Amino acid sequence: MAEFQRPTLCCCRKALTVPSNSREGGRNLAQCRLVDIASASNFHSFKLRHFHLDLRLNFALKEMTGWQILELVPIQPGAQTVDPFTDYGSSLNISLPASVTRQHRAFQITVRYTTTDGPAIWWLDTELTCGQTRPLVFTQGHSVCNRSFFPCFDTPAVKSTYSATIRVPEGVTVLMSASRSTYSKQERVFQFSMEYPVPAYLVALVAGDLQHVDIGPRSRVWAEPCILTCAVSKLGGSVERWLNVAEDLFGPYVWGRYDIVFLPPSFPIVAMENPCLTFIISSILESREFLLIDVIHEIAHGWFGNAVTNATWEEMWLSEGLATYAQRRITTEAYGEAFTCLETVFRLDALHRQMRLLGHDNPVSKLQVKFEPGINPSSLMNLFTYEKGFCFVSYLSQLSGNSKSFDSFLRAYIERFKFTSVVAQDLLDFFLGFFPELKESCVAQREGLEFERWLNDCGPPLCEPDLSAGGVLTSPVQSLCDLWASNPQDPEAISNFNLSSWSTFQTVLFLDRLLDRSPLSHQVMGQLSRCYSAQLDEMNAEVQIRWLQIVVRNSFYPDLPRVRGFLHKHTSRMYTVPLYEDLCAGVMKCFAAEMFYQTQARLHPNLRRTLQQILFQTCTLPPPAGSILSSIPITIPSSPIPGGHPGPADTPATGTIALRDVNVSA
């Protein structure tokens, strides 16, 4: 046996070899050398049992200061080589004394540090919150951004329990993605514990002026007081209903509580599936249907993504594709097949739109994306991860015979791999083991639909599910699109369609398909504006932004005041970035610059930087300097990472993690 001669502890990097003869999967990831190209840690050398955070939040300095205690067990002898990061971090390497590194014997490391506003940590000044009463801070760890929050094995292959002690000023409420919490008002200390193992990216925190209302036996809504009533009214008792449907389909919800916190428009993505506590942007409250879909999707992650996690970011579809399939099983049971098919048609339209932009041979369209060193995993989060992954899972469901049989398989899959991280081969081997008749008929090698092609071919899905059940909702949309495309047009036939009677998904599908037909003539734009502008003004932001994109892409100046009003009202990334990109791609760049200078004071600094890059693409902004805490060679990356989910978020502000002390004890 090799000796542990001053081994290096490091958290981050190496790629996966999968034994093809495993019938059930579930092999020990520590035994087959998992390579995570997005990490620089030697996570295969140590088992992380548990970690504890003790942090004090200082809103005036925008700092978190304290320490972390990591409980580790050596599982492989010998020092490991740690590959350097490129443009997204640097490593913290800790040399361990031989006295504490006996194989399979636990030891602890205490790291004292201060962290500011790196890519995971978003400090909001009072004027950027919804209520504008006090500042707020939240974290967003997906996919590797939590390097800037605490020292971590920054790979989804590693899961552990954790606990936290958070000290705050008076009047601040703290929430974390934890299964238990307590609060000492006298000491202004919040205590949290997560009793189930989670990967580092699912550790999340928010602190500010937050209040709650219970909306079910295991759910409550948290928000700033000014939007709490609205949030509760939009969700009502629906969350418990959705959880019950999900449990009927996929087995028990293992996380105990399912709470939701609504965050200000500066939240860089739409929603994040942090266990026990979904983070969601408050802007989505405008659209009940989008809110419904987004919350159900995050609920589905309780099984697919959180309980069973992709072992590397090169196979994100194992979380997102399965969660999207599960989301649509839930909506089918709760709202009917037609509703689910309509939402799916809308999303698959978007997938094919992205495919036309990227090209059919673009490698990011693979389900098994091969990362190059230096790539930020979040930058490759795209619709293929969700929708191509969904189509593959739907194909597996079709092979199984019917959705009920596949539900049974998914329940068994969750039970088998719960609280572990998996690769595609685990899922597929377990699938073929669950349906031995399919294995005997060699469905994995069926010509044109080989599993290997699904995973590694570029381009669109090899096949798509039957969505004809949605025809009752999608046919009117297509009929109206065809009427607008006809020449000459039939105004009387067009007037028979009333958009105000349509659902949000029908309206956005109609507008998206009009957008696909751009450029439209000035005459057609005038007729569209006369027919719909006033109606669309009364609809939610998801509808309005699509009409305004049509206005901008077709340079229809009469409706430009509507663009101005929209950008003055909406300050979230999800609504501003698409419009600025369209404005700057056409002849309206001066208008975009004018809008930016009028509204920049109400934009988060990260979003301001993103919009500046769009406006002034000839100027390359220097990458922010700073130090980001990551890995346990502990390997700690330094140099902030743009992060986000399901797409790259805004360029992060400069942040620094300053190490103050490291102690090792047996």
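All values reported here derive from a predicted model rather than from experimental measurement. We number each residue from 1, following the sequence as shown. Heavy-atom basis, side chains included; hydrogens, waters and symmetry copies ignored.
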Close side-chain approach of [X] and [Y], heavy atoms under 4.5 Å:
| X | Y | value |
| --- | --- | --- |
| Ile296 | Arg329 | no |
| Phe59 | Val172 | yes |
| Leu175 | Leu210 | yes |
| Pro197 | Ser160 | no |
| Val137 | Val206 | no |
| Leu55 | Thr165 | no |

Centroid-centroid distance, [X] to [Y], less than 6.0 Å:
| X | Y | answer |
| --- | --- | --- |
| Tyr253 | Trp303 | yes |
| Tyr413 | Phe434 | no |
| Phe390 | Tyr386 | no |
| Phe392 | Trp317 | yes |
| Phe150 | Tyr113 | no |
| Phe192 | Tyr162 | no |

Report summary line: Between Arg328 and the options Glu337, Glu387, Glu333, the salt bridge (charged side-chain N to carboxylate O under 4.0 Å, His left out) test singles out Glu387
If we ignore hydrogens and angles and just use 3.5 Å, is the side chain of [X] paired with the main-chain N or O of [Y] as donor and acceptor?
| X | Y | result |
| --- | --- | --- |
| Gln544 | Met539 | yes |
| Thr385 | Met381 | no |
| Thr139 | Gly141 | no |
| Glu286 | Asn540 | no |
| Ser219 | Tyr258 | yes |
| Thr278 | Asn274 | no |
| Thr161 | Tyr196 | no |
| Gln327 | Ala300 | no |
| Thr115 | Met64 | no |
| His604 | Asn606 | yes |

Establish, from distance only, whether the side-chain atoms of [X] and [Y] form a donor-acceptor pair under 3.5 Å.
| X | Y | result |
| --- | --- | --- |
| Lys159 | Thr420 | no |
| Ser400 | Ser405 | no |
| Gln191 | Thr182 | no |
| Ser163 | His50 | yes |
| Thr332 | Thr340 | yes |
| His301 | Glu320 | yes |

**Report entry** Phe138 vs Phe279, ring-ring contact (aromatic ring centres under 6.0 Å, His included): CA-CA, chis, key distance, verdict
**Finding:** CA-CA 9 Å; Phe138 63 82; Phe279 283 20; 7.2 Å; no
Going by atom type alone, with no hydrogens or angles, which donor-acceptor pairs under 3.5 Å involve a side-chain atom of residues 124-131 and a protein atom two or more places apart or on another chain?
{"residue": "Asp125", "atom": "OD1", "partner": "Lys62", "partner atom": "NZ", "Å": "3.0"}
{"residue": "Thr129", "atom": "OG1", "partner": "Thr126", "partner atom": "O", "Å": "2.7"}
{"residue": "Thr129", "atom": "OG1", "partner": "Gln132", "partner atom": "N", "Å": "2.9"}

**Report entry** Intermediate values then yes/no, side chain to side chain contact (heavy atoms under 4.5 Å, CB included), Gln140 and Cys145
**Finding:** CA-CA 7 Å; Gln140 166 55 20; Cys145 291; over 6 Å; no
Nearest 0.5 angstrom please: [X] [atom1] to [Y] [atom2], how far?
| X | Y | atom1 | atom2 | answer |
| --- | --- | --- | --- | --- |
| Gln425 | Leu428 | CD | CG | 6.0 Å |
| Asp248 | Ile330 | CG | CD1 | 10.5 Å |
| Trp242 | Tyr335 | CH2 | OH | 5.0 Å |
| Tyr201 | Asn146 | OH | CG | 11.0 Å |
| Leu277 | Met176 | CG | CE | 10.0 Å |

Requested in this report: With side chain to side chain contact (heavy atoms under 4.5 Å, CB included) as the test, would you mind laying out the steps for Leu509 and Asp349 before giving the verdict?
Outcome: CA-CA 8 Å; Leu509 181 62; Asp349 267 16; 3.3 Å; yes
The criterion is side chain to side chain donor-acceptor pair (under 3.5 Å); which residues satisfy it with [X], sequence neighbours excluded?
| X | value |
| --- | --- |
| Glu71 | Arg49 |
| Tyr575 | Glu542 |
| Ser408 | Arg411 |

Query raised in the report: What is the ring orientation for His212 with Trp222, classed by angle as parallel under 30°, tilted 30 to 60°, or perpendicular over 60°?
Result: tilted
Query raised in the report: Is there a side chain to side chain contact (heavy atoms under 4.5 Å, CB included) between Ser394 and Tyr325 once you walk through the steps?
Result: CA-CA 7 Å; Ser394 297; Tyr325 177 87; 3.7 Å; yes
Minimum heavy-atom separation for [X] and [Y], please, with both atom names.
| X | Y | value |
| --- | --- | --- |
| Pro156 | Ser421 | O-OG, 2.5 Å |
| Met574 | Ser283 | SD-CB, 4.3 Å |
| Ala424 | Glu315 | N-OE1, 3.0 Å |
| Cys341 | Ala469 | SG-CB, 4.0 Å |
| His570 | Thr576 | O-CG2, 3.4 Å |
| Cys276 | Trp255 | SG-O, 3.3 Å |

**Report entry** Ile280 vs Leu291, side chain to side chain contact (heavy atoms under 4.5 Å, CB included): CA-CA, chis, key distance, verdict
**Finding:** CA-CA 9 Å; Ile280 193 163; Leu291 174 65; 4.0 Å; yes
Requested in this report: Establish, for the pair Arg167 and Tyr183, whether the NZ or CZ atom is under 6.0 angstrom from the six-membered ring centre and no further than 45 degrees off its axis.
Outcome: no
Query raised in the report: Do any pairs count as a salt bridge (Lys or Arg N to Asp or Glu O under 4.0 Å) and have a residue in residues 212-221, sequence neighbours left out, and if so which ones?
Result: Asp214-Arg220, Arg218-Glu240, Arg218-Glu247
Query raised in the report: Can you list every pair that meets salt bridge (Lys or Arg N to Asp or Glu O under 4.0 Å) and has a residue in residues 191-212, with sequence neighbours left out?
Result: Arg180-Glu195
Report task. Answer yes or no: does atom NZ of Lys234 have more than 12 heavy-atom neighbours from other residues, nucleotides or ligands under 6.0 Å? Result -> yes
